[in-house]
Amino acid sequence: MEDEAWRSVDIIRDNDGVPHVLQQKMLVFTSGVSEESAGYTKPAMEHRLVPLKELTKFGQS
């Protein structure tokens, strides 16, 4: 069974100084029949930038 998740790699500021989180897609493979089975992850070559304030309460009042 295969699924995907996003792992945060680094924090990068854009040209305006706004912090963004660099994330890398991880492929998650389970080694058994059920979702609780032990598995492993494999990094994919897909990345994305997500504004930090979308992931945390940073900057919100």
Expected list for residues 17-25: side-chain donor-acceptor pairs under 3.5 angstrom, two or more places apart:
| residue | atom | partner | partner atom | Å |
| --- | --- | --- | --- | --- |
| His20 | ND1 | Val18 | O | 3.1 |
| Gln23 | OE1 | Arg48 | NE | 2.8 |
| Gln23 | OE1 | Arg48 | NH2 | 2.9 |
| Gln23 | NE2 | Ser8 | OG | 3.4 |
| Gln24 | OE1 | Arg7 | NH2 | 3.0 |
| Gln24 | NE2 | Ala44 | O | 3.0 |
| Lys25 | NZ | Glu4 | OE1 | 3.4 |
| Lys25 | NZ | Glu46 | OE1 | 3.0 |

TODO: Supply the atom-to-atom distance Ile11 CD1 to Leu49 CG, rounded to the nearest 0.5 angstrom.
DONE: 11.5 Å
Task: Distance (rounded to the nearest 0.5 Å) between Met26 CE and Asp3 CG - done: 12.5 Å
- [ ] Look up atom OG1 in Thr56 and atom CD in Glu54, then write down how far apart they are to the nearest 0.5 Å.
- [x] 10.0 Å
